[in-house]
Amino acid sequence: MILFTDVTKTYDNGTKALSNVNFFVEQGEFVFIIGASGAGKSTITKLILREEMPSSGSITINTTDITQIPNKELPYYRRTVGVVFQDFRLLSNKSVFDNVAFALQVTGASSREIRRKVPEVLSIVGLTHKAKVRADELSGGEKQRVALARAIINNPPVLLADEPTGNLDPVNAAEIMKILNLINKSGTTILIVTHASEIVDKMRRRVIEIDRGVIVRDQKFGAYSA
Ligand code: ADP
């Protein structure tokens, strides 16, 4: 679960990116965060990842107030949040298998566990046949599927996706949404920052809209436009 309580974020240069933001996302929910450029969407994802600290307020992820996590424990916390970005962020000269395996290796997983788990998640994203291909030889849709596999390999309770379909054509975008739905069905909380109005309209999931740092709409079966 994700709980923002009276969260305000003012950056060092004085820009107030969020003011008194309150929302609660239950475990297993599927939520779109929408809003114009500069509204504060990325600030929310940066706060959840503890890349930024709120100026005031508290943020609870699962059972922990993450503003209280000591810096040395951040790598452990961050493994509990899966992330995918618009630009994929793969190791381009490594194979699909190695890209996904890397996320397990950093947790100290045994090679036996890696050999068991990587094929499992590659199968979920439909890339079993591409395991040996180098990441830079994949299409955009395939790259994002690798990124999804990497994001879920440690079974995170929360998955954050920042414009996951931003670089994809409609067919590949729909495929990525299908996989996100599948991941959600297994109980993972999903938070998607997006401008893709047609996807938001089709999915009819919860929509949280932000305007200049303030939540202006929080709708259960929402569309892109109110
Ligand atoms: P969005 O993701 O909705 O486009 P952001 O969260 O990136 O919006 O930005 C919200 C506001 O905070 C904007 O006015 C932006 O210019 C400002 N901002 C974002 N990051 C920083 C930063 N590191 N330093 C100063 N201002 C920032």
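All heavy atoms count here, side chains included; hydrogens, waters and symmetry mates do not. In listed order, ligands and their atoms are each counted from 1.
Protein heavy atom closest to atom 7 (O) of ligand 1, with residue, atom name and distance, is Ser42 CB, 3.6 Å. Closest to atom 8 (O) of ligand 1 among all protein heavy atoms lies Gly40 N, 3.1 Å. What sits closest to atom 4 (O) of ligand 1 on the protein, heavy atoms only, is Gly38 N, 2.7 Å. At the top of the distance list for atom 5 (P) of ligand 1, counting protein heavy atoms only, stands Thr43 OG1, 3.7 Å. Here the protein heavy atom with the shortest distance to atom 19 (C) of ligand 1 is Tyr11 CE1, 3.4 Å.
Distance remark: protein heavy atom present below 4.0 angstrom from atom 12 (O) of ligand 1. When distances from atom 15 (C) of ligand 1 to the protein are checked, no heavy atom turns up under 4.0 Å.
Judged by the 6.0 Å distance and 45° axis criteria, Arg205 is positioned over the aromatic ring of Phe30.
Between the side chain of Asp98 and the backbone N or O of Lys94 there is no donor-acceptor pair closer than 3.5 Å. Between the side chain of Ser110 and the main chain of Glu113, a donor-acceptor pair closer than 3.5 Å is present. Distance alone, capped at 3.5 Å, is enough to place a donor-acceptor pair between the Asn62 side chain and the Met1 backbone. Proximity of a side-chain donor or acceptor of Thr64 to a complementary backbone N or O of Ile66 within less than 3.5 Å is not detected.
Few gaps surround OH on Tyr77; more than 12 heavy atoms of other groups in view lie less than 6.0 Å from it.
Within ligand 1, counting atoms from 1 as listed, the ones closer than 4.0 Å to a heavy atom of Ala36 are 3 (O). Each of the atoms 25 (C), 26 (N) of ligand 1 lies under 4.0 Å from some heavy atom of Asn13. Near Thr15, with a cut-off below 4.0 Å to any heavy atom, the atoms of ligand 1 are 12 (O), 14 (O), 17 (C), 26 (N). Close contacts of ligand 1 with Ala17, meaning ligand atoms under 4.0 Å from a residue heavy atom, involve 10 (C), 11 (C), 12 (O). Taking every non-hydrogen atom of Ala39 and a distance limit under 4.0 Å, the qualifying atoms of ligand 1 come out as 1 (P), 3 (O), 8 (O). Those atoms of ligand 1 with a heavy atom of Ser37 less than 4.0 angstrom away are 4 (O).
Screening Ile208, Thr45, Ile210 against Val193 for a side-chain contact (heavy atoms from CB on, under 4.5 Å) leaves a single residue, Thr45.
The existence of a salt bridge linking Glu51 and Lys46 is excluded, since no basic side-chain nitrogen approaches an acidic carboxylate oxygen closer than 4.0 Å. Taking the charged nitrogens against the carboxylate oxygens, Lys202 and Glu198 have no contact shorter than 4.0 Å, which rules out a salt bridge.
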